[in-house]
Protein chains: 2
Amino acid sequence: MVDTNQPELHRASAPIRVGVEVVVFTIRDESLHVLLAPADTAWHLPSDLVRPDEPLDVAARRALTDVAGASEVWLEQLYTFGDVARDPHARTISVAHYALVSADVVSDHADPRAQWWPVATLPQLMLDHRRIIDYALTRLRNKLAYTTVGFQLLPQRFTLSELQRVYEIILDRELDKRNFRRKVEMLGIVKPTREQRASITGRPAQLYRFVATEAPEVIGAPYPLTVAQSPVQIARISPVLRRRGRVVPVSPSEGNR
Amino acid sequence: MVDTNQPELHRASAPIRVGVEVVVFTIRDESLHVLLAPADTAWHLPSDLVRPDEPLDVAARRALTDVAGASEVWLEQLYTFGDVARDPHARTISVAHYALVSADVVSDHADPRAQWWPVATLPQLMLDHRRIIDYALTRLRNKLAYTTVGFQLLPQRFTLSELQRVYEIILDRELDKRNFRRKVEMLGIVKPTREQRASITGRPAQLYRFVATEAPEVIGAPYPLTVAQSPVQIARISPVLRRRGRVVPVSPSEGNR
DNA sequence: GCAAAAGTGTTTTCATTACACCCATGA
DNA sequence: TCATGGGTGTAATGAAAACACTTTTGC
């Protein structure tokens with residue numbers, strides 16, 4: 001809150017618990033997976049309560065590390081879920097995050113019971129975690145089209161075919177090889193390395209690395225996106241209009257573009 | 001949080017305060033304004049603490065109503081600011097929202113000391129409220145280009161020139177009248193009414209109303225944005241690439257597109 | 001030599017842009 | 001009649017989409 005100068009506006013500090021949840025995405029076996037940990041009757045996202053002396057992202061990174069092992073991964077705040085009844089035990093608001101990891105980063109989990117689940121066939125989930133995953137997936141699809149987040153799902157060096165597969169898997173749609181390569185080339189966001197990768201069969205592929213682009217700030221950091229936007233549209237998203245009334249209940253904001 | 005089945009993962013409930021803040025935008029005098037309330041030495045956003053028995057959006061709407069009077073307005077969650085030091089008095093995380101209101105809706109404030117400030121010339125602000133406004137503005141600019149939020153800043157009936165002015169003011173750029181009208185026409189998101197508005201001088205203008213479009217869900221609601229996206233691009237945003245490293249600190253996620 | 005994946009250009013289509021004049025009204 | 005804002009169409013540009021064959025390697 002804010003108005004420490006206007007104590008009359010403030011009510012007694014409320015016993016609301018603050019937690020973080022992390023939807024950890026990776027690509028394995030040609031499909032998008034989410035990391036889940038088992039509980040008694042259902043699975044759940046990596047999560048924890050926020051400590052009084054730590055920022056939200058640190059809590060999220062800790063939750064992630066406890067389950068996945070890795071912590072040096074791309075992480076972004078997603079949305080804050082605060083329904084009164086979302087956790088029947090105690091009023092708990094959850095600052096949900098999502099993370100993207102390369103399959104080579106987290107092969108061995110810190111929590112051995114944790115498992116990767118394909119987003120297409122998720123198990124029974126606790127509380128509102130299904131909804132959180134759905135929203136994270138929506139956000140990921142959106143951001144994939146106008147940012148370079150997709151690279152976070154690949155190792156440092158990758159082939160253009162691998163990059164294209166990332167896009168195809170997440171967007172769930174085939175892309176034209178030549179158009180894709182021309183676009184990536186034109187954007188100047190990859191650079192060939194001196195290495196090639198021998199494929200199991202067929203011609204060896206050139207290995208590329210991701211290369212940072214012009215603008216001063218990092219995707220995922222909002223405030224510095226002062227004026228100019230809309231970078232890196234690799235795949236056009238189908239133009240469908242959305243309906244919309246005049247007064248709208250607040251709910252997970254489509255998120256941020 | 002989640003794992004009520006794994007109490008060992010949980011730490012004692014933390015004394016963290018949960019607040020909401022609302023960036024209320026409107027257009028007046030040909031520029032975008034934000035509603036602020038005065039405190040001793042600085043101005044601040046409408047805000048309040050979240051009560052244990054209310055959802056976040058209800059708290060936000062209450063904070064809004066207390067200051068602005070109106071409550072039947074468009075409201076969306078923006079981002080959750082949770083830096084440890086953002087409020088020196090007590091650890092307080094703030095679930096920031098933004099609201100769009102038509103100038104005709106809030107002429108008389110509930111709090112008579114509240115004032116509209118042009119976003120271009122804001123006064124001294126409390127805590128991190130400047131940053132919250134900056135981010136809300138970024139989000140608004142982004143969403144304006146691919147959603148129909150802009151209509152929330154207009155009364156029920158409006159002229160196409162008024163609509164165009166909304167876009168020009170927020171995007172801070174002139175738009176071509178014919179191109180703008182063709183686009184709006186093509187999108188089918190406005191419908192002429194039987195009324196006209198006599199302008200102070202010159203030809204009377206046709207009044208239009210906003211009309212909902214195809215897709216099943218409401219903008220601002222994320223999870224139902226299942227697959228298809230990218231509607232209503234009224235103004236193209238300049239194509240600038242953003243730089244991006246591999247590991248990114250979490251910060252106000254550009255938000256959601 | 002053949003199976004398998006890598007790599008490479010051109011044409012069509014469509015949306016965005018740029019651009020200038022007539023119309024209806026009140027004073 | 002004139003000042004003011006409302007209203008209208010067409011051509012040029014540029015990005016996205018569609019489309020098929022050659023190359024390199026291992027076996």
**Item:** side chain to side chain donor-acceptor pair (under 3.5 Å) partners of A/R165, counting only residues at least two apart
**Value:** A/E30, A/E168
**Matching residue for B/L153 among B/L144, B/I169, B/I170 - test: side-chain contact (heavy atoms from CB on, under 4.5 Å)** = B/I170
**Message:** Measure CD/B/E174 against P/C/dT16 and give the value in whole Å, please.
**Reply:** 20 Å
**Length of the CG-C1' vector between B/L187 and C/dA15, whole Å** = 12 Å
**Prompt:** Within a strict 4.5 Å, meaning less than it, do heavy atoms of the A/Y208 and A/T159 side chains meet?
**Reply:** no
**Fill in**
B/R181 CZ to D/dG9 P, in whole Å, measures 12 Å
**Message:** Output the rounded distance in Å from CD (A/Q206) to P (C/dA5).
**Reply:** 19 Å
**Asked** Would you say B/K183 reaches C/dA15's phosphate, i.e. side-chain N/O to OP1/OP2 under 4.0 Å?
**Response** no
**Request:** Would you kindly give the CD-to-P distance between B/Q164 and D/dG6, to the nearest whole Å?
**Result:** 9 Å
**Request:** Check whether any side-chain heavy atom of B/I132 lies under 4.5 Å from a side-chain heavy atom of B/H129, and answer yes or no.
**Result:** yes
**Message:** Base contacts versus sugar-phosphate-only contacts with protein, heavy atoms under 4.0 Å: please encode nucleotides 18-27 of chain D as B, S and - from 5' to 3'.
**Reply:** BBB--BBB--
**Asked** Can the ring centres of A/F151 and A/F158 be said to be less than 6.0 Å apart?
**Response** yes
**Asked** Do the side-chain N and O atoms of A/R139 and A/Y135 include a donor-acceptor pair separated by under 3.5 angstrom?
**Response** yes
**Complete:** Rounded to whole Å, the CE-P distance (B/M186 to C/dA15) equals 7 Å
**Prompt:** Are OP1 or OP2 of C/dA6 and a side-chain N or O of A/S161 less than 4.0 angstrom apart?
**Reply:** yes
**Prompt:** What integer distance in Å separates B/F180:CZ from D/dG9:C1'?
**Reply:** 18 Å
**Request:** Let me know the distance between CZ of B/R197 and P of D/dG7, rounded to the nearest Å.
**Result:** 11 Å
